[in-house]
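Worksheet for the structure shown next.
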Amino acid sequence: MRAFKELTERISYPAVEQEILAYWKEHRIFEQSITSREGKPGFTFYEGPPTANGRPGIHHVMSRTLKDLACRYQTMRGKQVHRKAGWDTHGLPVEIEVEKELGFKHKEDIVRYGVAEFNKKCRESVWKYKADWERMTEQMGYWVDLTRPYVTFENEYIESIWWSLKRFHDEGMIYKGHKIQPYCPRCETPLSSHEVSLGYQDVKDQSVYVRMRLKDEPDTSFLVWTTTPWTLISNVALAVAADVTYVKVEQNGEKLILAEPRLSVLEGEYTVLEKFPGSALVGREYHRIYNFHPVTAKAFYVVTATFVTTEDGTGIVHMAPAYGEDDNQVGKKYGLPTIHPVNRSGAFGPDVPPFAGKFVRDADMDIIRELKERKVLYKKEAITHSYPHCWRCRTPLLYYARESWYISTTKYAEKMIALNKTINWYPPEVGEGRFGNWLEENKDWALSRDRFWGTPLPIWVCPSCKKQKCVGSVAELREGTGLAEPLDLHKPFVDAVTFTCTCGGTMTRTPELIDVWFDSGAMSFAQWHYPFENKELIESGEQYPADFICEGVDQTRGWFYSLHAIGTFLFGKPAYKNLLVNDLILDKDGQKMSKSKGNTVNPFDVMAKYGADATRWYLVTNSPPWRPTMFDEEGVLEVQRKFFGTLVNTYAFFAMYANIDKVDWKAAAVPVAERQEIDRWILSELQSLIGRYTGYMAVYDVTKAARSISEFTIDQLSNWYVRRNRRRFWKSEMGADKRAAYQTLYECLDTVVKLMAPFAPFLADEIYRNLNSVTGLDPAASVHLSFMPDADASRIDAALEERMERAQKIVVLVRAMRMKANLKVRQPLRRIILPIADEAGRGDVRRMQDIILDEINVKEIEYVHDASGIVRKKAKANFKAIGPKFGKSVQQVAARIKDMTGAEIATMEQNGSVQLASGEQTWTVAVDDVEIMREDIQGWLVETDGGLMVALDTTLDDALVAEGAARELVNRIQNMRKDAGFEITDRIAIVYAADAALAERLATQERYIVTETLAESWTAGSPAGEHTETLELNGGSISIAITRMKRG
RNA sequence: GGGCCUGUAGCUCAGGUGGUUAGAGCGCACGCCUGAUAAGCGUGAGGUCACUAGUUCAACUCUAGUCAGGCCCA
């Protein structure tokens, strides 16, 4: 017969995990977890593709744990869960990496170097940290098919994207337009709004207050504030708020106009001359402060605008329509001219001679100096504000009017909003609030990028008739001329292809690429090369939509949006049904992790130290995933010690005795009804646990699901069931009772391990296989191939659970009293007294009596009747009941209830209600309106908990004292045995010398002492030898010597 | 400036359809157990449930506002 593997709590988790990984690999458990569910309902999961040219961090372990556990859980529920890995391979991050490598500073460097060669480098660079990613994925136990991933740069993937773009194009959803766009001068490309959102940073800028002199009022100036001095060169108007009060003040001989609430910006003394509303300023003209550009339209006057606030600045906002969305709107409204003297790399052109060739933000200081010399500058002030930066190269963005291709997402924003309401967001507020609001304010998707490494925008344009052709497949591309082989759908190869236009012109491809977010958002179908292959998969609904996706909250406007926007348009359905959001991982002090702060956590280190399971368990249980998690290594250690340690210990206890007893697992199960009450109790608790767990998992509350497992394991299974039942396992004869104990504990372990398997896949499998490889009760080769148990309501005995809880409470109360009376548990006591009136209540406790008495080392329970008069009772108002009943007078009633006499309480208990009079008033108070507190028993040590009361008889007689002393002595002798290094089976001889009184006392306990310590003799004499000790016991003194008997 | 979230014990977090003794773990103090034993367990101290107003017989819980922190967007 095979024996259970005897784990110890000194198990090396990382080492066990390595063994399990090898086992999984050898037996292809992951593959089996999918193939074994062939023909079963599917659970569709989409992997959000990471970029493999950055190192994986601890936050990736977080989101991958969540993804993994959801998929493992569904597999164990019998679903077939395909998980295709994916890699995001295009875009600026890759280009920037290569540019750095090649030492490039500007975009032209790439053109000089050669686009073909550059893209070849990008294609290689993408995989820079692939090995790290794969190692992390494997080690943490993230099951995903890495052998057949989707890769966004592959021709098939791009072809699918092109197919989708053609759908957009054919329906007139793609247009070319001008908009103010965030633009990265270093990368020389506009950024989409979701890219911008990735790069907000606090920066220190110089803000300036400048004077703009009124044309018709000498010595009077508008005081204007801006944080971007370089845009002053392009100023064409000023904006004020119509309904804000403005003032004209005199200061040092000049007059200034500004908003009244902003007077605090003035330096020094001033006198207010006039007050007027902003509307009074409309149309007033001023002298421009720079004259580089002639203008033809009317300009340099005051307008009103709603976005002007008095939060900062002066309440007078300078307008440069080329450089701001608001400014642009105002410019359009009033027909203002646009002055745009900045080139593609963000430098001033030759039309601004003093600053020509200078990067605009670098020109700020020069401009300020120059304005100061001309006395235009009133003052300057450093301000720190949040400003968007390029999400990759960290260059501050500029806002320009630029030409770009757009997708008209606004045309179907309503549909996106409607479909979003069908998606289950966890937590819901991200979907309703953050994502919902984003959809409500939907703007057209700026699709194009002026870069090199990415999916080319497959639109060809005829230069003569402007006709557009969108290519939607490779076959279509081949209809053109100039396509090189082998096929590569990237620049510059696709640029070489031309088509002959119906007008006879030669159509060439528009040079832009598309936003990488479109790449990843297209994965729902492009991962299957739809519609060129796998048409069925998508159209049958098997792989679209996803049942589940899970990423960081930063993806709200990124991947969550692009999936949704593309899916809604193409398929008219949402791309996913359930979405679990996870938030940031901070360091243990709540600081954001960053390389510069040096507070990042290396996932490999943590896993090497504590194992993947503990790391995963910690990340999931520490706080709900959608809340920021503070990562503290101490916490991982605690998981290991508390939960894993207890579980392993419980298993080890089971394995040790099961091996000794050679339990026959083929024997029929002892019917649950015939098992001891405590067995039925833990099995009932187990079913309740399954029920709770399943409920939590159904709503992706993985934190509560996992916490409920460890609470059960630690508090109920280990600290109560096992502790209370140890003796049953020691008992030598194997009977029905012992078998029941084994079967009960086995079932608990087996079930707990299944429940925890999605979270801690290694340890769960270790224990599962240790159990089932011996018993053969569950034949799966791995817990991950087995099935999740369902809660069996018929096995839940709520009354029993309640009884046990009561017993546990009584134990706690007695322990507290022992503590107060300074009576250690080793000292047996005569009795506790429980005032319980009704026979049913007494019966409940009686059924738990043995457990209670044994646990607290007390001889008996005495039940007293409340009416016996020794129990002093107090009444307390039950506000929930009397609140609605008495309304405003509730406080008076409550006060009266508090003063109820013993007689009144007795009357009420007898009749069900009682009349209470107070002053003029009389109320009828029913039993349910009142909580009866047992307060005291005359002359007894008492503890209460709610309605429960326990009194402890602390009187000691000689017999009890003797028993206590014997127990104490046994303990000391056992410790001496241990210190002496004796085997637990060694026999010993004891020689003792004690005070007369003590000796007499111990004489009655000789038999007990001898049995417990495996002593063959207990002799009065002169203790001597190697193992001798003297101790104080019950005020007496005793010396003891122990010697090991010869074996034989 | 807007949206969403958070603010409960020294720390990390629970909780409550509003009901008068607000919970756990860690840490701390004290102690216990010992045939799961380089583990385990208990008892205790520790909280004006961020602040202010309102609704209510009753607010830590609901409402409004304020303050602080986080994320996202301007």
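The basis for the numbers below is simple: all heavy atoms, side chains too, and nothing from hydrogens, waters or symmetry mates. What you are looking at is a predicted structure, and each value in this text was computed from that prediction instead of being measured. In what follows, every chain begins at residue 1, and chains take the letters A, B, ... in the order their sequences are listed.
- Residue A/Q892 contributes atom CD, which lies 13 Å from atom P of B/A58 at whole-angstrom precision.
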Tabulated below should be each protein N or O lying under 3.5 Å from an N or O of nucleotides 41-45 of chain B; please produce it.
{"unit_1": "B/C41", "atom_1": "OP1", "unit_2": "A/N719", "atom_2": "ND2", "d": "3.0"}

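- Between A/K704 and the phosphate of B/A24, there is no side-chain N or O to OP1/OP2 separation shorter than 4.0 Å.
- Taking the P atoms as reference points, B/C33 lies 42 Å from B/U17, given to the whole Å.
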A/D632 and A/N622: side chain to side chain contact (heavy atoms under 4.5 Å, CB included), yes or no, with the steps? CA-CA 10 Å; A/D632 187 0; A/N622 185 54; over 6 Å; no
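- Remark: C1' of B/A39 and CZ of A/F653 are 14 Å apart, rounded to the nearest angstrom.
- If you take atom C1' in B/G70 and the same atom in B/G44, they sit 36 Å apart, rounded to whole Å.
- Distance A/W626 CH2 to B/G70 P: 23 Å, rounded to the nearest Å.
- The same atom, P, is picked in B/C26 and in B/A64; the two are 39 Å apart, to the nearest Å.
- A gap of 14 Å separates the C1' atoms of B/C49 and B/U6, to the nearest Å.
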Please lay out, stage by stage, how A/N424 and A/L579 fare under the test side chain to side chain contact (heavy atoms under 4.5 Å, CB included). CA-CA 6 Å; A/N424 299 314; A/L579 194 165; over 6 Å; no
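- Between A/D701 and A/K704 there is a salt bridge, with a side-chain nitrogen of the basic residue lying less than 4.0 Å from a carboxylate oxygen of the acidic one.
- Between A/V825 and A/A881, the residue whose closest nucleotide on RNA chain B is further toward the 5' end is A/A881.
- Of the options A/W425, A/F435, A/W445, a ring-ring contact (aromatic ring centres under 6.0 Å, His included) to A/H564 is made by A/F435 and by none of the others.
- Checking B/C72, B/C13, B/C32 against every side-chain atom of A/M630, the shortest atom distance belongs to B/C13.
- Which of B/G70, B/C71, B/U20 sits closest to the side chain of A/P628 comes down to B/G70.
- Computed from coordinates, the A/D701 CG to B/A14 P distance equals 10 Å when rounded to whole Å.
- Taking atom C1' on both B/G47 and B/G35, the two are 43 Å apart, rounded to the nearest angstrom.
- Between A/W438 atom CH2 and B/G2 atom C1' there is a gap of 14 Å when expressed in whole angstrom units.
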Applying ring pair (Phe, Tyr, Trp, His ring centres under 6.0 Å) to A/Y13 and A/F644, what does each step give before you reach the verdict? CA-CA 9 Å; A/Y13 295 97; A/F644 289 3; 5.7 Å; yes
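- Side-chain N or O atoms of A/N442 include none that pairs as donor or acceptor with a backbone N or O of A/A413 at under 3.5 Å.
- OP1 or OP2 of B/A36 sits under 4.0 Å from a side-chain N or O of A/R726.
- Of all nucleotides listed (B/G3, B/C33, B/U12), B/G3 comes nearest to the side chain of A/R434.
- Rounded to whole Å, the P atom of B/G18 lies 48 Å from the corresponding atom of B/A36.
- Side-chain atoms of A/R818 and base atoms of B/C32 include no donor and acceptor less than 3.5 Å apart.
- Atoms CD1 (A/I988) and P (B/G35) sit 13 Å apart, rounded to a whole Å.
- Between A/E633 atom CD and B/U12 atom C1' there is a gap of 16 Å when expressed in whole angstrom units.
- Looking at heavy-atom distances under 4.0 Å, A/K880 makes contact with a base.
- For A/R627, a side-chain nitrogen or oxygen approaches OP1 or OP2 of B/A14 to under 4.0 Å.
- Considering A/F4, A/Y721, A/F729 in turn, A/F4 is the only one that fulfils the ring-ring contact (aromatic ring centres under 6.0 Å, His included) rule with A/F654.
- Backbone-only contact: A/E638 has heavy atoms under 4.0 Å from sugar-phosphate atoms and none from a base.
- Side-chain atoms of A/S623 and A/T629 form a donor-acceptor pair, as typed in the model, at a separation below 3.5 Å.
- With rounding to whole Å, A/I660 atom CD1 is found 10 Å from B/A36 atom P.
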Does the pair A/N420 and A/I423 meet the rule for a side chain to side chain contact (heavy atoms under 4.5 Å, CB included), with working shown? CA-CA 5 Å; A/N420 180 43; A/I423 297 169; 4.0 Å; yes
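- Side-chain contact between A/E855 and A/R724 is present, with at least one heavy-atom pair separated by less than 4.5 Å.
- Annotation: B/A38 and B/G19 have their P atoms spaced 47 Å apart (nearest Å).
- Comparing A/I882 and A/S889, the nucleotide of RNA chain B nearest to each residue sits closer to the 5' end for A/I882.
- Across all strands shown, A/F886 has no heavy atoms under 4.0 Å from either base or sugar-phosphate atoms.
- Residue contacts shown for A/P428 are absent, as no nucleic acid heavy atom lies under 4.0 Å away.
- With both ends at atom P, the span from B/A9 to B/U61 equals 15 Å, rounded to whole Å.
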Starting from the C-alpha separation in whole Å, work towards a yes-or-no answer on side-chain hydrogen bond (donor to acceptor under 3.5 Å, both in side chains) for A/N582 and A/Y426. CA-CA 9 Å; A/N582 55 275; A/Y426 303 98; over 6 Å; no
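- Counted by atom type alone, A/E441 and A/N437 present zero donor-acceptor pairs between their side chains at under 3.5 Å.
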Any chance you could lay out the ring pair (Phe, Tyr, Trp, His ring centres under 6.0 Å) test for A/Y657 and A/Y742, step after step, and finish with the verdict? CA-CA 9 Å; A/Y657 289 106; A/Y742 275 117; 7.9 Å; no
Under the rule of Watson-Crick or G-U wobble with both distances under 3.5 Å, where | means paired to another strand and [ ] a crossing pair, RNA chain B maps to (((((((..((((.....[...)))).(((((.......))))).....(((((..]....)))))))))))).
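- Checking A/W225 against A/S207 by side-chain atom types alone, a donor-acceptor pair falls below 3.5 Å.
- Within residues 963-971 of chain A, the residues approached by RNA chain B to less than 4.0 Å at the level of any non-hydrogen atom are A/N971, in residue-number order.
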